[in-house]
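Just so it is clear, the structure is predicted and the values come from calculations on it, not from any experiment.
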Amino acid sequence: MNKIVRMNHPPIGPSPIRRLSAEVLSEIFVSCLEKRTRSNSIRNCPLTLCRVCSSWRLVALHTPRLWSTLRVDLYRVSTSLTEEALAKHLSNWLNRSGTLPLRLSLNYYKIQQQKQGVDSFCNATLTVFGAFASRWQKVNIILGYEDVEAMLNRFPSPVHAPLLRSLSFWGKEYDQPIPPAFSFPALTKLAWTSKCLALFKSNISWHLLTNVKISIGYSFSTALEVIQLCPNVIHYHVRFIEADYGHTVELEHGTPILNQSIRHLDLTFKSLCISFFSRLILPALSHLSLENEKFSGDGETHPHEAEILGLFSRSRCDLKVLELHNVGFSVHMLIKHESCQTLQKLSCRSSFTPVIDDETLTDLTRIPGKDYSLCPFLEDFEVESPTDLTPGLLGSMILSRCSCSENAGEMLRNVEICTFHSELSKEDENLLNEVDRSACYISMRYLNCRTMRYETESFDRYLEDEDER
C-alpha cells in the first residue's frame, strides 16, 4: 500500500492583484473608466468597484478622478428612494472628487410621466448640481417636457461657474424659460436648444465661444447677430423654430457680415428666409449642411440656390463637406462652383424634389482619358435613390470613380445609397457588383418590410436579403 507522504508546501501568497500598491490600483481604475460613462446606477462604475472587496472600496473612495464625472438618468432611479436620500447620495459622490473640475449630466427626457414623483428627484439633482457650480467644467441638462423655468430656478442666483467650458441645455422647444443670472467667463461651447431669446442678453463671453448650437424662434436676424457676437466660433449649428411653418420671412438688406472663423455651418429649417445667405461672407467655411424639416415639395419653403452660390462666390471658400437634405433643388449648379472642387464628402437626400439628377451624375462620372471631372477629391458619397433617374447612371458614376488611380485620394472610399422611396434598378445593381469592395465600401439603407424599420447593411448583404423586402 502506497504511503501517503506529507509534503511541506510553501504558504500560498496573496494574489497578484493584491500585490499592487494603492497608487497603481488607483491608476488602473481610472484608466479602465477613461472611455466609460460614469452614472449614479449601482450597475455602473465606479460604484461596482466599491462592491468587489473592502480594499478596492477604500482605494476607489479615495481616488477623486473616479468621482469627477456624474450622469444622472432619472428614469432609472427607483421610486422607493426619497428626495433627501438621492440628494445625499449625489452630494457624497461629488464630495469624493475633492477639488477637481466636474463633468455633470442630467437626463429627464425619456421618462415622460412614466413614474410618479420624479419631479422632486429632478429638483433635488439640480439643487445638488448648483451647489457645486464653482467647479463645473462641462454640464449637460435634458429636461424634456416638464416645467423648465421652475426647475432652472433650483440653481442659486446668480450662478457663477468660473471653470465652465461647455454648457448644453435641452428643453421643450416652445417653452421660453428665462435662465437664472449667471457668469460663465471661460465658456467656449454652448448648446441651448430651448427657444429662449433672453439668452442672448445674458452674461456670456460671446467672443470666447468656438462651438454654438442654438434654436431660434421667430427671428432669423438673431442667428446673424450671434455670428457677429462670436468672431471665434468654428462650429455653428442653428435650428430655426417657426410658429407658422408656411410663413416666408425676409431679412432687411444690410452690410454683409464677415466671419473668418466659421468652418462648420449647419442649418435646420422649416421656412424660407430670403436674404439670409446674402448677408454672409465665410472664407473659412469647409462644412455646409442644410436640412429642411417640413418634408414638402412647396418651393416657397426652400433657400434660394442663387443665394448659396452667391455665398460661395463672396467667401471663396474651399468646401470639404456638403450635405443637402430636402432642400428642393438639384445640387448640379452648386457642385460646378469652384468652391466645391475640394469636396471630400457629398450627401444628397430628398423626400420630394430630387437633389441628384441625370445631369449631375453625368458630370460626376469620370471618363477615361479625360483630365478633369467635377469634385476630383470626392471620397464619401451619400444619395437617396430618386425615382426618375435613368437606370444605370448612378452605378456607372460610382464605378467610374472607384477605378484604380495614381492618386488614391481621387477614388471613392464610402458610398451609402438610400432606397426609402425607390428601389435600385437592376442596371445599377449589376454595375455596383463590379466595384472592388476592398477599395470602396458600399452600404444600403432601406425600409425592412418585415420589421418596418430602417436598416443599413452592406451592398452584398442587401442583395442576399432582396427576397425578404
Side-chain angles (χ1 to χ4, degrees), residues 23 26-27 29-41 44-47 49-50 57-74 77 83-108 121-143 148 151-171 177 179-192 199 202-213:
E23 292 76 11
S26 176
E27 289 297 323
F29 287 172
V30 173
S31 298
C32 291
L33 296 177
E34 202 66 41
K35 301 299 181 181
R36 299 290 186 94
T37 301
R38 280 150 277 185
S39 78
N40 62 310
S41 173
N44 296 330
C45 293
L47 293 180
L49 295 173
C50 296
R57 175 181 174 82
L58 186 63
V59 171
L61 292 178
H62 290 83
T63 304
R65 282 181 291 171
L66 294 179
W67 309 97
S68 61
T69 297
L70 173 60
R71 188 190 76 209
V72 180
D73 296 315
L74 290 182
V77 175
E83 179 180 351
E84 293 75 17
L86 176 63
K88 182 179 180 180
H89 167 66
L90 298 179
S91 295
N92 289 339
W93 180 299
L94 297 178
N95 281 325
R96 295 178 193 129
S97 64
T99 59
L100 294 178
L102 300 176
R103 301 164 68 90
L104 308 176
S105 178
L106 168 62
N107 184 357
Y108 188 24
F121 291 164
C122 183
N123 291 333
T125 303
L126 291 174
T127 300
V128 173
F129 281 9
F132 291 85
S134 62
R135 291 200 282 129
W136 287 356
Q137 182 183 65
K138 180 178 181 179
V139 175
N140 178 41
I141 298 175
I142 302 175
L143 291 184
V148 175
M151 291 184 176
L152 288 180
N153 287 334
R154 304 294 295 193
F155 287 140
S157 186
V159 179
H160 180 57
L163 305 180
L164 186 64
R165 305 280 294 178
S166 175
L167 173 63
S168 178
F169 172 78
W170 298 73
F182 52 69
S183 173
F184 304 147
L187 192 68
T188 61
K189 183 176 181 180
L190 172 65
W192 193 276
L199 178 69
S202 301
N203 184 22
I204 293 180
S205 300
W206 294 96
H207 66 284
L208 296 179
L209 295 181
T210 58
N211 292 264
V212 178
K213 181 176 182 179

Applying ring pair (Phe, Tyr, Trp, His ring centres under 6.0 Å), can you list everything that pairs with F129, at least two apart in sequence or on another chain?
none
Non-hydrogen side-chain atoms of L61 and C50 separated by less than 4.5 Å:
yes
Kindly say whether R165 contributes a backbone atom to a donor-acceptor pair with the side chain of T188 at under 3.5 angstrom?
yes
Starting at OG of S26, measure out to CD of E23 and round the result to the nearest 0.5 Å.
8.0 Å
Side chain proximity check, H160 to S183, heavy atoms < 4.5 angstrom
yes
If every non-hydrogen atom of A161 is compared with every non-hydrogen atom of P185, which pair is closest and at what distance?
O-CD, 3.9 Å
Quick check against the 3.5 Å criterion: does H62 have a side-chain atom that pairs as donor or acceptor with the backbone of L58?
yes
Could you tell me which non-hydrogen atom of E83 sits nearest to which non-hydrogen atom of F121, and how far apart they are?
N-CE2, 3.9 Å
CZ (R96) with more than 12 external heavy atoms under 6.0 Å:
yes
Closest heavy-atom pair, R135 versus L163, reported as atoms and distance to 0.1 Å, is CA-CD1, 4.1 Å
Distance, nearest 0.5 Å, that separates NZ of K138 from CG of N140
7.0 Å
Is there side-chain contact between T63 and V30, with at least one heavy-atom pair below 4.5 Å?
yes
Side-chain contact test, heavy atoms from C-beta onward, threshold under 4.5 Å: evaluate it for L106 versus L126 and give yes or no.
yes
Taken to the nearest 0.5 Å, the spacing of L190 CG from N211 CG works out to 10.0 Å
Between the main-chain N or O of I141 and the side-chain N or O of W170, is there a donor-acceptor pair closer than 3.5 Å?
no
Apply side chain to side chain contact (heavy atoms under 4.5 Å, CB included) to L208 and list each qualifying residue two or more places apart in sequence or on a separate chain.
S205
Would you call the rings of W136 and F155 parallel, tilted or perpendicular if under 30° counts as parallel and over 60° as perpendicular?
perpendicular
To the closest 0.5 Å, what do you measure between CZ (R71) and CG (N107)?
8.0 Å
Considering all heavy atoms of both residues, which atom of L49 and which atom of A60 are nearest to each other, and what is their separation?
CB-CB, 4.4 Å
Can you tell which of T125, L104, L102 makes a side chain to side chain contact (heavy atoms under 4.5 Å, CB included) with L70?
L104
Quick one, L47 and W93 - any side-chain contact, counting heavy atoms below 4.5 Å?
yes
Would you say V59 and F29 make side-chain contact, with heavy atoms under 4.5 Å?
yes
Any side-chain heavy atom of H89 within less than 4.5 Å of one from V72?
no
Please name all residues satisfying side chain to side chain contact (heavy atoms under 4.5 Å, CB included) with E27, sequence neighbours left out, ordered by chain then number.
R65
When you compare the side chain of V159 with that of F184, does any pair of heavy atoms fall below 4.5 Å?
yes
Any idea which heavy atoms bring S166 and L187 closest together, and the distance?
N-CD1, 3.8 Å
Using the ring centroid of each side chain, check whether F182 and W192 are separated by less than 6.0 Å.
no
Minimum-distance pair of heavy atoms, taken over all atoms of W67 and P46
CZ3-CG, 3.5 Å
